[in-house]
Amino acid sequence: MNTLDTRLAALEGRLKRFRAEGIQNLIGGESRPARSGATFETVSPVDASPIAQVAKGDSADIDVAAQAARAAFPDWAAMGGVKRKVILQRIADAIEARAEEIALCECWDTGQAWRFMSKAALRGAENFRFFADRAPAARDGQALPSPEHLNITSRFPIGPVGVITPWNTPFMLSTWKIAPALAAGCTVVHKPAEFSPLTARLLAEICHEAGLPPGVLNLVNGFGETAGKALTEHPDIRAIAFVGESRTGSAIMRQGAETLKRVHFELGGKNPVIVFEDADLDRALDAAVFMIYSLNGERCTSSSRLLVQDTIAEDFEARLVERIRRLRVGHPLESETEIGPLIHPTHLDKVTSYFDVARNDGANIAAGGARIEGPGWFVEPTLFTGARRDMRIAREEIFGPVLTSIRFRDESEALEIANDVAYGLAGYVWTNDLTRALRVSDRLEAGMVWVNSENVRHLPTPFGGVKASGIGRDGGDWSFDFYMETKNVALALGAHPVPKLGA
Ligand code: NAD
C-alpha cells in the first residue's frame, strides 16, 4: 500500500465509530445526544461524503452544560495549580499518543493537508504542556506596600467560561483556549464550529480519559445562531473566549451585553507582507508563498496582501507566479499535498466570487483564478496583481489561497496602504535596513509584527489583534489575565487615624 492508502485505511478505522455512534455532546463527563434528539450531518470537504451525524445542541443543552460547569467549578478552582498541572500534563501526553488519529480526522474534516495537521496536533499537546507548567503560579500576585497599608494582590479564576472556536485548525485553536482556562482554574463549555466537530470530540474524550473531573470541560455541538448564542447569553457563564469572524464578534458582544460578559476575541485579518527592495528576496518569496498558501489560506495570520516596492515588483511577482504554478493541490492525506479543499461549498463560492470582483475592479489574475473540478471543494491558488488599495480584493478578508499584490513607491506609502484597512492582526516586514524595520514595525497598526520571518509562534509572547482583528491577548501570562480576576486586600499596618464622623 502507498502512503495515501495506508492513511485512508487508518482513517477508516477511526471513522467507523463516528459513523456508528454519531458525534455526541459530552456534558458532566457523559456522552449525550442533544436533548431535542436533533442531529446534523457533517461531510468531508475532500469528496463531499458524509462523515457522521452530530448532536445538534441548542439552548437546552447549553443550559445543562453551563450547570455542569458551575457545579464543577468550586472543586476545580480549589484543587490548586500543582494538582491541575499533573492532570493537564497527562492530557498533553494523551494528545501526543493519539496525534496521528487527531491529524487524520482533522485532515478529513477540514481539508487541511497532512503536512500541516500532523504538526498542529502536536502543537495542541504543547499548548497543554505550556499552560500546565504555569498553573502552579497562576494565582500569584504582588505585594504593594503604602505607608499605612500592605496591599496584597492575588488572582482567582473568573468562573465557568464559554469557548467558541472556528473550523480552521480547530484542534490547535481549541487547545489554545481551553488549556489556559483549565490551568487558571476555570471550567469550560466548548462550542466548536459546526463544520469541524471531529477533533473537538476527541479532545473532550482525551481530557476525561486523562482524569479531568466530570463537568470541568463540557462539549456542546451545534450551530452558532442557536447553541453559540445561548452560550454567550447564559448567566452562569462569566466570560467568552471566541475565535472567528469579526462580524460574529460584534454579534457576541451584543448577545453578551445583558449578562455583562467579559470577552476575548481573535477575529479576522487582512495582513500585509511588505517587501522592500533591499530585502533578502529569496527568503521573502518563500515566506510570502508560505504565509498565504499554507493551511489553504484559511488562516487568520495569512499574509493576504503583498505590498511590494515598485522597483522590484515585476520580477518578484513573476517569481511568485512560477512558484504558485508549482504548488501541489490535492488530497490532504497525500504527503506531497500543499493545498487541500476549502472547508465547505459556501466558502468556496465566497472565495471564488472574488475572481469576478478582481476582474470587474480592473485587477489582473496573474495565476489561478478558477475552481478545480472534482467532488471536493478545491480552488486554484491565485494571485491578483495590479491591485489598488481601494479595491475590495485589497480590503476584505477572502480567507482562501488568494494573494493580492499592491505596489508601493516608498516607505510612507507602504505604511499608508498597510494601515488603510479595518483589520490589524499581523504584519510582516522584509528589509535589511534595521532602522527602517523598527520604524515600520512601530507604525504598523497590528498586534503582531514579524521582521524578516514568516509567522513563528513562541508561546510566552502575546498573540492577538487590534482594530477589527480582536480584543485581548493570548499567550504567556496574558491568557491568565483573561481567565482570572485580580483581587486586592489592604491590611492596615498600624493604628493610623480613621476619619471620625459623628464623634
Ligand atoms: P465564524 O465567526 O462564522 O464562526 C466561528 C464560531 O462562532 C463557530 O463555532 C460558530 O458556530 C460560532 N458562531 C457563529 N455565530 C454565532 C453567534 N451569533 N453567537 C455565538 N457563536 C456564533 O467564523 P469561521 O468562519 O468559523 O472562522 C473563520 C474566521 O475566523 C476568519 O475570519 C478568521 O480570520 C477567524 N480566525 C481568527 C483567528 C485569530 O487568531 N485572530 C484565528 C483563527 C480564525
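Indexing begins at 1, ligand by ligand and atom by atom, following the structure's order. Throughout, numbering of the chain's residues begins at 1 and tracks the sequence.
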Item checked: Any residue meeting side-chain hydrogen bond (donor to acceptor under 3.5 Å, both in side chains) with Ser304, in chain and number order, not counting sequence neighbours -> none

Checklist line | Arg371 charged N/C atom sitting above Trp377 aromatic ring, 6.0 Å / 45° | finding: no

Next item on the list: Flag the pair Met117 / Phe171 as yes when at least one side-chain heavy-atom distance between them is below 4.5 Å, and no otherwise.
Entry: no

Next item on the list: With the side chain counted from C-beta on, respond yes when Ile471 and His264 share a heavy-atom pair under 4.5 Å apart, and no when they do not.
Entry: no

Notebook entry, point to check: Under the 4.0 Å line, does any protein heavy atom show up next to atom 4 (O) of ligand 1?
Noted result: no

Next item on the list: Quick one: list whatever passes salt bridge (charged side-chain N to carboxylate O under 4.0 Å, His left out) with Lys467, sequence neighbours left out.
Entry: Glu445

For ligand 1, which is the ligand I care about here, please tell me if [X] has any N or O atom under 3.5 Å from one of the ligand's N or O atoms.
X      : answer
Phe223 : no
Ser469 : no
Glu194 : yes

Checklist line | Glu334/Arg115 salt bridge by N-O under 4.0 Å criterion | finding: no

Note to self: On a heavy-atom basis, I'd like to know which of Ile343, Leu267, Thr232, Thr226 is closest to atom 41 (N) of ligand 1.
What the structure shows: Leu267

Next item on the list: Could you name the option among Thr301, Val163, Thr165, Thr169 that has the heavy atom nearest to atom 9 (O) of ligand 1?
Entry: Thr165

Next item on the list: Classify the contact between His347 and ligand 1 as side chain, backbone, both or neither, using a heavy-atom distance cut-off of under 4.0 Å.
Entry: neither

